[in-house]
**Q** 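Dumping the structure here so I can ask a few things about it.
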Amino acid sequence: MNAFFNGLMITGGLIIAIGAQNAFVLKQGLLKRHIGIVVFLCWLCDVVLMSCGVFGISALLSGHSAGAAWLALAGGVFLLCYGMMNAKRAWLGGGHLSVSAEPDGNRSALKVAAATLALTLLNPHVYIDTVMLIGGSAASLNHHDKVWFLIGALTVSAVWFVSLGYGARLLIPLFRRERVWQILESLIALMMFYLAYGLLKQAAEVLW
């Protein structure tokens, strides 16, 4: 079950960062407009991209321990830097989320779906996170553990998007409080440091 929790933690740390996609999900939740479509499409994109990462990238690296080690090293360094940025934001404070709840017209389900896919798939960072980083983190696992790793990753993705969409009216006041963001950033930093340690240790065992 370690693979399940590793998949859950690494995805949780990456997905919680509030960007354009998450702000869009929150806004649709506030306006109660086609939120089921939005949540499902965001999760479906994660299913496809994370599966490609966990099984596609891993398949390319199968039998190439040095390649997997270098990818683990790159992932560990990335997570270390990511954790340091979270720690800095937690220390400095000032984090908050502002999402406008002003009506923007009665957009059709098709237009909302198109906007959801555009915000998700046209963002280059989504491929780095889901395919390269998450896929690379699972590269050294056997097939059974990769399945559990992917289940953990997709579980936290589903919980996050459902919470954002259907719990938006409860979450928005919480996300507007600076102290909440400092606590959240601190927890993410700790998770990132823990995962970075595991990846760097894995890489060091092969490369040195």
Side-chain angles (χ1 to χ4, degrees), residues 1-19 21-22 25-26 36 38-62 65 67-69 71-83 85-87 116 120-121 123 125-167 171 183-203 205-206:
M1 293 297 287
N2 284 338
F4 172 85
F5 288 111
N6 281 341
L8 188 147
M9 285 192 297
I10 191 170
T11 304
L14 293 171
I15 204 172
I16 288 174
I18 298 295
Q21 183 198 52
N22 286 338
V25 176
L26 278 169
V38 173
V39 168
F40 175 73
L41 286 178
C42 287
W43 183 73
L44 182 62
C45 287
D46 274 357
V47 171
V48 174
L49 294 174
M50 290 181 188
S51 297
C52 288
V54 171
F55 293 106
I57 293 295
S58 298
L60 291 175
L61 295 174
S62 179
S65 59
L71 191 56
L73 178 62
V77 172
F78 177 87
L79 290 177
L80 187 62
C81 294
Y82 190 89
M85 288 189 293
N86 286 115
T116 303
T120 301
L121 300 177
N123 178 9
H125 292 290
V126 73
Y127 301 100
I128 296 174
D129 290 348
T130 58
V131 179
M132 297 303 298
L133 186 56
I134 292 176
S137 297
S140 64
L141 302 177
N142 58 45
H143 180 78
H144 178 267
D145 285 342
K146 285 177 184 176
V147 171
W148 279 109
F149 183 94
L150 182 61
I151 291 174
L154 294 178
T155 296
V156 75
S157 172
V159 170
W160 177 250
F161 286 123
V162 169
S163 298
L164 279 183
Y166 291 101
L171 293 172
I183 294 173
L184 185 61
E185 297 281 14
S186 298
L187 291 174
I188 294 174
L190 289 175
M191 283 193 294
M192 294 299 101
F193 290 148
Y194 168 77
L195 293 166
Y197 170 77
L199 288 176
L200 293 174
K201 181 180 179 183
Q202 171 187 318
E205 291 174 349
V206 176

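Since the model is a prediction, treat every value here as computed from it, not as a measurement.
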**Q** Is the shortest side-chain heavy-atom distance between L121 and L49 below 4.5 Å?
**A**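 Yes, close enough: below the 4.5 Å cut-off.
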**Q** Between W43 and F161, which heavy-atom pair has the shortest distance, and what is it?
**A**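 Of all heavy-atom pairs spanning W43 and F161, the closest is N-CD1, 4.1 Å.
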**Q** Please examine the side chains of Y194 and N6, heavy atoms only from C-beta on, and report whether any two atoms are closer than 4.5 Å.
**A**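 When only atoms from C-beta onward are counted, Y194 and N6 do touch, with a gap below 4.5 Å.
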**Q** Work out which heavy atom in M50 is nearest to a heavy atom in A153; give both atom names and the distance.
**A**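 Shortest heavy-atom contact: SD-CB, 3.7 Å.
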**Q** Run the side chain to side chain contact (heavy atoms under 4.5 Å, CB included) test against L8 and tell me which residues pass, sequence neighbours left out.
**A**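 If we apply the side chain to side chain contact (heavy atoms under 4.5 Å, CB included) test to L8, skipping adjacent residues, the hits are F4, V156.
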**Q** Go through the structure and list residues passing side chain to side chain contact (heavy atoms under 4.5 Å, CB included) with F40, not counting sequence neighbours.
**A**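 Applying side chain to side chain contact (heavy atoms under 4.5 Å, CB included) to F40 gives L44.
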**Q** Can you give the donor-acceptor pairs under 3.5 Å from side chains of residues 73-81 to other protein atoms, not counting sequence neighbours?
**A**
none

**Q** What residues form a side chain to side chain donor-acceptor pair (under 3.5 Å) with S157, not counting sequence neighbours?
**A**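 Testing S157 for side chain to side chain donor-acceptor pair (under 3.5 Å), a comparison that skips the adjacent residues, returns D46.
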**Q** Please find the pair of heavy atoms, one from A3 and one from L141, that lie closest to each other, and give the distance.
**A**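 In terms of heavy atoms, the two residues are closest at CB-CD1, 4.3 Å.
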**Q** Would you say I134 and F149 make side-chain contact, with heavy atoms under 4.5 Å?
**A**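 Heavy-atom side-chain distance check passes, below 4.5 Å.
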**Q** To the nearest 0.5 Å, how far apart are CE in M9 and CG in N2?
**A**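 One gets 8.5 Å once the value is rounded to the nearest 0.5 Å.
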**Q** Does W160 use its side chain to pair, donor to acceptor, with the backbone of T11 at less than 3.5 Å?
**A**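 Such a contact is absent between W160 side chain and T11 backbone.
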**Q** Could you pull out all residues at least two apart from Y166 that satisfy side chain to side chain contact (heavy atoms under 4.5 Å, CB included)?
**A**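 Y166 satisfies side chain to side chain contact (heavy atoms under 4.5 Å, CB included) with I35, V39, V162 only.
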**Q** Any side-chain heavy atom of C42 sitting closer than 4.5 Å to one from T120?
**A**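 Yes, at least one pair of side-chain atoms sits under 4.5 Å.
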**Q** Not counting sequence neighbours, which residues clear side chain to side chain donor-acceptor pair (under 3.5 Å) with H144? List them please.
**A**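 In terms of side chain to side chain donor-acceptor pair (under 3.5 Å), with neighbours along the sequence ignored, H144 is linked to W148.
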**Q** Closest approach of A189 and A87, non-hydrogen atoms and distance?
**A**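 Here A189 and A87 meet closest at CB-N, 3.8 Å.
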**Q** What's the separation between atom OG1 in T155 and atom CD1 in I151, rounded to the nearest 0.5 Å?
**A**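 If I round to the nearest 0.5 Å, the distance is 7.0 Å.
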